[in-house]
There are 2 protein chains.
Amino acid sequence: MKISTKTKYGLRAAIYLAEKGKEQGFHSIKQIAKSENISPDYLEKIISKMEKAGMLKSQKGAKGGYSLARPAKRIKLGEVVNALEGDNYFVQCLSGKGKVCAQCKKCAAQNFWQKFQEKLDSFLDSVSLEDIIKNKF
Amino acid sequence: MKISTKTKYGLRAAIYLAEKGKEQGFHSIKQIAKSENISPDYLEKIISKMEKAGMLKSQKGAKGGYSLARPAKRIKLGEVVNALEGDNYFVQCLSGKGKVCAQCKKCAAQNFWQKFQEKLDSFLDSVSLEDIIKNKF
DNA sequence: ATAAATCCGACAATAATTGTCGGTTTTATT
DNA sequence: AATAAAACCGACAATTATTGTCGGATTTAT
Ligand code: SF4
Ligand code: SF4
C-alpha cells in the first residue's frame, strides 16, 4: 500500500502551479521539473495525464506551458490521485468490470475493503489544492 | 494505491481461522489453501509472515497447523496489513529512517501525506477480525 | 523563419510482486 | 521404532508494474 512516485511527483507539480496561481500565465515542464528536481521527460508524461483528466490546461508553442484548469479551491486531491494511480480499486470485485472473483459468494472481506475504500476516497475528496498550500485541513 | 494480493490472501486466511475459531485446534496450510483457492506454496509464505508478526500461532508436525494467537476481537486489521504490506510509509520523509528527501524543506505535500496516513491507520486499527466476520463495522 | 514549447508513442531499465521448488525439522499416530 | 503429515526455510524463476528515456511531430509567439 504505497503511493507511487508518479503520484507524488504529480501532486508536487500541481502544488507548484497552485502556488504560482496569481502570476497568471503558463509554466513549462522545464520550469516545474527544475524547481521540483524531477526528470523533465518523466514529468511530462505525468502532467499530460493530469491535463487529460481535466485538471490542468495547456498552451502549446513558445511561451506555452501548463496551468490549473480551475481555482485551486475546486481541485480536490481525489482528482489528482485518481488521475495518476489509475483504476485504483482495492479489490477486483469492486471494479464493476465484469469479472467476478471465484470466492465472491462466501467472501467476508469484500465489505471491509469496500468500506476502507470509501473512507479513503471521502478523505481525498475533502481536501483541495488550496487547503494544501494554506496548510489547512 | 493498491492492496497487494498477498495482503488480500492473508486477510482471507485470517478470516478463515477466525471463523473456525470455536472448533479449537489447528488448521493446515493445505486446508486453508483449498478452501480459499490459493496456491499452498505461496500461502505458506504469507502465513509464515503473519505468524512471525505474532498474530498467529503454529503447531508443527502431524495434525499441526495454524490458529489465531488471540481472540479475533483483539486482532486488528492494522496488524494484518502492516505485517504483509511491509514498511508501508506513503512517503520516505515519514519513514524516520535517516534519508531525508532533497525537497523536504519546501515541500507542502508532506503534511498532507502524513495526515492521510494517519486517517488510514486509525481506520485499520478500529476494525477487528471479529468485526469482519460479524460484518459489523 | 526560428525557437520554444506541448504532444505522442515506442521502448529500455529497473524493481516489485507473485509463485515454485527441494529439502529439513518436528511431532502425532501406529 | 517407523511413518506420514505438517511447519519451516531459503533459493530462485516468472511475471508484471513502475520508472525513466528518446526521437520525432505539431503548434505558436516572436
Ligand atoms: S476474494 Fe473477496 S474481496 Fe477479494 S476479489 Fe474476491 S470477493 Fe472481492
Ligand atoms: S517530496 Fe515532500 S512528501 Fe515527498 S518525500 Fe520529499 S519532503 Fe516528503
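Naming: A, B, ... by sequence-line order, numbering from 1 per chain. Fair warning: this is a prediction, and the values are worked out from it, not measured in the lab.
Atom pair B:Met50:CE and D:dA7:P shows a separation of 13 Å (rounding to whole Å applied). We find that CD of B:Gln31 is positioned 13 Å from P of D:dA5, with the value rounded to whole Å. As a whole-Å value, the separation of A:Asp41 CG from C:dA13 P is 16 Å. For B:Lys6 and D:dA17, the NZ to P distance is 15 Å, given to the nearest whole Å. Rounded to whole angstrom, the span from the CZ atom of A:Phe26 across to the P atom of C:dC7 amounts to 10 Å. Here the P atom of nucleotide C:dT17 and the CG atom of B:Leu84 are 12 Å apart, to the nearest Å. A:Glu85 places its CD atom 14 Å from the P atom of D:dA17, with the value rounded to the nearest Å. A straight line from NZ of B:Lys2 to P of D:dA17 spans 7 Å, rounded to a whole angstrom.
Listed by chain and residue number, nothing satisfies the side-chain contact (heavy atoms from CB on, under 4.5 Å) test with A:Ser122 (two or more places apart in sequence, or in another chain). Taking B:Pro71 as the reference, B:Arg74 meet the side-chain contact (heavy atoms from CB on, under 4.5 Å) condition, with sequence neighbours excluded. B:Glu130 is linked by a side-chain contact (heavy atoms from CB on, under 4.5 Å) to B:Ala72, B:Lys73, B:Ser128, B:Lys134, counting only residues two or more places apart in sequence or in another chain. Residues that satisfy the salt bridge (charged side-chain N to carboxylate O under 4.0 Å, His left out) test with B:Glu79, not counting sequence neighbours, are B:Arg70. For B:Ser35, the side-chain contact (heavy atoms from CB on, under 4.5 Å) criterion is met by A:Lys106, B:Tyr16, not counting sequence neighbours. By the salt bridge (charged side-chain N to carboxylate O under 4.0 Å, His left out) test, B:Glu36 is found to be paired with B:Arg12, residues two or more places apart in sequence or in another chain being considered.
Each of B:Val81, B:Leu124, B:Asp131, B:Asp125 was evaluated against B:Lys76; a single residue qualifies, B:Asp125, per the side-chain contact (heavy atoms from CB on, under 4.5 Å) test.
For the salt bridge (Lys or Arg N to Asp or Glu O under 4.0 Å) condition, no pair includes a residue of residues 43-68 of chain B, sequence neighbours left out.
Counting any heavy atom pair closer than 4.0 Å across all strands shown, B:Ile47 reaches no nucleic acid atom.
End-to-end axis angle of the helix from C:dA1-D:dT30 to C:dT30-D:dA1, using five pairs per end and rounding to 10°, comes to 10°.
If you find the closest nucleotide of DNA chain D to A:Lys63 and to A:Tyr9, the one lying nearer the 5' end belongs to A:Tyr9. Closest-nucleotide positions on DNA chain D for A:Gly61 and A:Ser39 were compared, and the one nearer the 5' end corresponds to A:Ser39.
Taking the six-membered ring where the residue is Trp, B:Trp113 and B:Phe116 present tilted rings, their angle falling between 30° and 60°.
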Under 3.5 Å, which protein N or O atoms sit close to an N or O of nucleotides 8-12 of chain D? Give each pair with its distance.
residue, atom, partner, partner atom, Å
D:dC8, OP1, B:Ser58, OG, 2.6
D:dC8, OP2, B:Tyr66, OH, 2.5
D:dC8, N4, B:Glu44, OE1, 3.1
D:dC9, N4, B:Glu44, OE2, 3.3

